[in-house]
Every structure is written in C-alpha cells, then in structure tokens.
Amino acid sequence: MLLRTILAATAAATALLVPATAAHAEPTTETATTTEAAAGNAGAAQADTAGRAAADADPVVVVGGLIGVSIAYEPIAARLRADGYRVSIYQLPNLGFGDIRESARALSSYVDQVRSATGAAKVDLVTHSEGGLASRWYVTFLGGAAKVDQYVSLGSPQQGTYVANIINLLGLGSCAGIVACQQMSIGSSFLADLNGGDDTPGAVRWTTVRTWQDELVRPVDNASLADGATNVLVQAWCPLRIVGHLGLILDGTTYSVVRQVLAGAAIRPNCFAL
C-alpha cells in the first residue's frame with residue numbers, strides 16, 4: 001500500500017508540476033532606453049556566443065528515473081535546448097521497474113544511437129533518481145567511461161535509500177516484487193557491486209546534486225559519491241531553497257548547477273533562479 005501511495009503521489013506531482021515549470025521557458029518582451037538597448041545588444045551577443053558554444057558541445061542525454069515518463073523531463077530538456085544544447089530524453093525500459101543493469105544495457109545502445117546521429121564522440125548525462133544508477137552502471141561496467149564526458153545526478157540514491165527498505169519492513173515482501181526497488185535498498189548486492197570499487201571511474205567529470213527535502217532518498221547524503229566527485233547540497237548554498245525529489249528536475253537553482261557543470265564552469269548555484 002505504501003508503494004502504491006508513493007508511486008501515485010509521484011505521478012500526480014509530476015503531472016501537476018510539469019506545466020507550471022514549462023511556463024518559465026516562455027519569452028518575454030519589454031521596452032528599453034537607448035542605454036538599456038545597447039546593454040541588451042551586448043548581452044544578446046554574449047548569449048549568442050554561448051548558444052553557439054552549447055550547440056558545439058556534447059549532446060545531452062537526460063536519463064529518467066523510476067516511473068519517469070519522458071514528458072516529465074521536458075521542462076529541464078526545454079531549459080537545455082533554450083541554452084543551445086542538443087538534447088534527448090531517455091526513458092528507462094518498463095519505466096525503470098526492472099533490473100537496473102538491463103536498463104544500463106539499453107542506455108548503452110541509446111547513447112551509441114545518439115553519438116551516431118550527431119557525430120559526437122561523447123555525450124553528457126543529466127540523470128534523475130534511478131537513472132543515475134543505471135548511468136553509473138553503464139559508465140563503470142559497460143564501456144561508458146569512453147563515451148561520457150559529464151555525469152550529473154539529481155537525487156540519485158547512490159548508496160541506496162531506506163524508503164526501499166521500509167517497504168520490506170511493512171510486510172510487502174521483497175519490495176513487492178519490484179526488482180529496481182530491491183536493488184535500491186541499502187545493502188543490496190547490486191549496490192555492493194556498483195560501489196565496491198572506484199565511485200568515479202575514467203575521465204568523466206562526476207557531479208551529484210541533492211536536497212534536504214528529498215522525500216525518496218533517505219538519508220539524503222546517500223545521494224553523494226566519493227573518490228573526487230563534486231557533491232552539491234542545494235541548501236548548503238541556498239538555505240531557504242525548498243526542493244523535493246521531483247523538484248530537482250524543475251528547480252531553477254538546481255538547473256543553474258547543471259548548466260555550470262555542462263559549461264565546465266565553477267559551480268556557484270544561483271539561489272534566485274526560477
């Protein structure tokens with residue numbers, strides 16, 4: 001029953017939040033004085049240069065999480081496209097209910113398709129929740145280290161989550177038979193294999209983003225990686241920022257981190273971003 005409640009709440013929240021965030025991408029117009037217009041022209045030129053640089057950058061693959069339908073990730077994909085990036089969304093097979101290792105194998109094929117279609121040698125991965133685990137498995141065990149430049153995870157239970165363990169304790173069996181839930185339980189053999197070596201293999205730039213209000217990754221610090229990864233806690237920079245698990249793919253401050261990582265810039269979250 002708890003699992004159904006979590007899934008229903010997650011799906012409902014996604015449906016409610018997506019249209020609200022999409023509105024932020026709409027262009028606006030305003031009247032400017034001559035001085036303001038000149039400044040605006042300079043800013044536009046800089047934006048155009050940044051846009052061209054983004055267009056020449058690695059293609060970005062947004063990797064969804066458990067029950068993460070593609071449309072739920074359109075808001076962050078739209079932000080990236082507006083900044084000039086070539087973006088595609090990867091929805092986990094069977095909405096992520098199956099073996100995460102199989103999802104990683106499917107992701108490997110998808111990345112090769114993106115590379116072939118774009119002519120790019122590497123891609124950048126922007127991942128959410130379970131998608132971060134599938135992506136790590138791909139990079140670590142399936143040759144992805146040679147094909148991925150930047151890895152960003154948003155609220156991924158890198159060391160597991162007690163939410164999955166609680167489902168077991170409530171008498172629902174082994175995660176009600178959901179393989180991915182079993183694998184995301186703290187102490188699972190899947191996580192032992194994934195975390196048994198170097199957390200950050202290869203030349204990939206590894207970044208994680210987490211939030212104190214994450215209701216599905218507990219403890220929150222389990223969304224971090226070791227071995228030289230850059231781990232960003234939203235509230236360490238912006239104490240008053242409230243961001244939930246789904247909010248990580250909708251939040252402007254979180255997106256400011258994503259954009260800085262993809263640009264190879266120093267990470268300084270914008271606490272006032274919409």
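Values reported hereafter were calculated over all heavy atoms of this structure, with side chains retained and with hydrogens, waters and symmetry mates removed.
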Donor-acceptor side-chain pairing of [X] and [Y] below 3.5 angstrom:
X	Y	result
Asn270	Thr253	no
Tyr110	Ser88	yes
Gln91	Ser70	yes
Gln235	Gln213	yes

Residue pairs involving [range] (criterion disulfide bond (SG atoms under 2.5 Å apart); sequence neighbours excluded):
range	value
residues 99-157	none
residues 240-274	Cys238-Cys271
residues 63-138	none

In this structure, would [X] and [Y] fall into the same cluster of hydrophobic residues linked by side-chain contacts under 4.5 Å?
X	Y	value
Leu92	Val123	yes
Ile267	Tyr255	yes
Tyr73	Leu262	yes

Counting C-beta onward and ignoring hydrogens, is there a side-chain heavy-atom pair between [X] and [Y] closer than 4.5 Å?
X	Y	result
Leu95	Leu66	no
Gln158	Leu133	yes
Thr208	Thr230	no
Leu125	Val152	no
His128	Ser156	no
Leu154	Thr127	no
Ile76	Val126	yes

Are any side-chain N or O atoms of [X] and backbone N or O atoms of [Y], one a donor and one an acceptor, separated by less than 3.5 Å?
X	Y	result
Gln182	Cys175	no
Ser135	Gly131	yes
Tyr151	Thr200	no
Ser185	Cys181	yes
Asp124	Val60	no

Quiz item: In terms of side-chain geometry, is the basic nitrogen of Arg81 or Glu74 positioned less than 4.0 Å from the acidic oxygen of its partner?
Solution: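 So Arg81 pairs with Glu74 through a salt bridge.
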With a 3.5 Å cut-off and sequence neighbours excluded, list the donor-acceptor pairs that the side chains of residues 137-150 form with protein atoms.
{"unit_1": "Thr140", "atom_1": "OG1", "unit_2": "Arg136", "atom_2": "O", "d": "2.8"}
{"unit_1": "Lys147", "atom_1": "NZ", "unit_2": "Asp112", "atom_2": "OD1", "d": "3.1"}
{"unit_1": "Gln150", "atom_1": "NE2", "unit_2": "Val261", "atom_2": "O", "d": "3.2"}

Exercise. Could you list the residues that satisfy salt bridge (charged side-chain N to carboxylate O under 4.0 Å, His left out) with Arg205, not counting sequence neighbours?
Key: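 If we apply the salt bridge (charged side-chain N to carboxylate O under 4.0 Å, His left out) test to Arg205, skipping adjacent residues, there are no hits.
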Quiz item: Given the rule in the side chain to side chain contact (heavy atoms under 4.5 Å, CB included) test, do Leu248 and Asp214 qualify, once you have shown the distances and angles that lead to the verdict?
Solution: CA-CA 9 Å; Leu248 286 165; Asp214 196 319; 4.1 Å; yes
Practice problem: Walk me through it: do Gln159 and Asn195 pass the test side chain to side chain donor-acceptor pair (under 3.5 Å)? | Solution: CA-CA 8 Å; Gln159 319 299 326; Asn195 297 320; 3.2 Å; yes
Quiz prompt | Whichever hydrophobic residues join Val179 through chains of side-chain contacts under 4.5 Å | solution =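 Joined to Val179, directly or through intermediates: none.
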Exercise. Kindly check if the number of other-residue, nucleotide or ligand heavy atoms within 6.0 Å of CG (Asp193) is above 12?
Key: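 Yes, because the 6.0 Å sphere around CG of Asp193 holds more than 12 heavy atoms from other groups.
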Quiz prompt | Atom of Tyr85, atom of Ala263 and distance for their closest heavy-atom approach | solution =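 Closest approach of Tyr85 to Ala263, heavy atoms only: OH-N, 3.8 Å.
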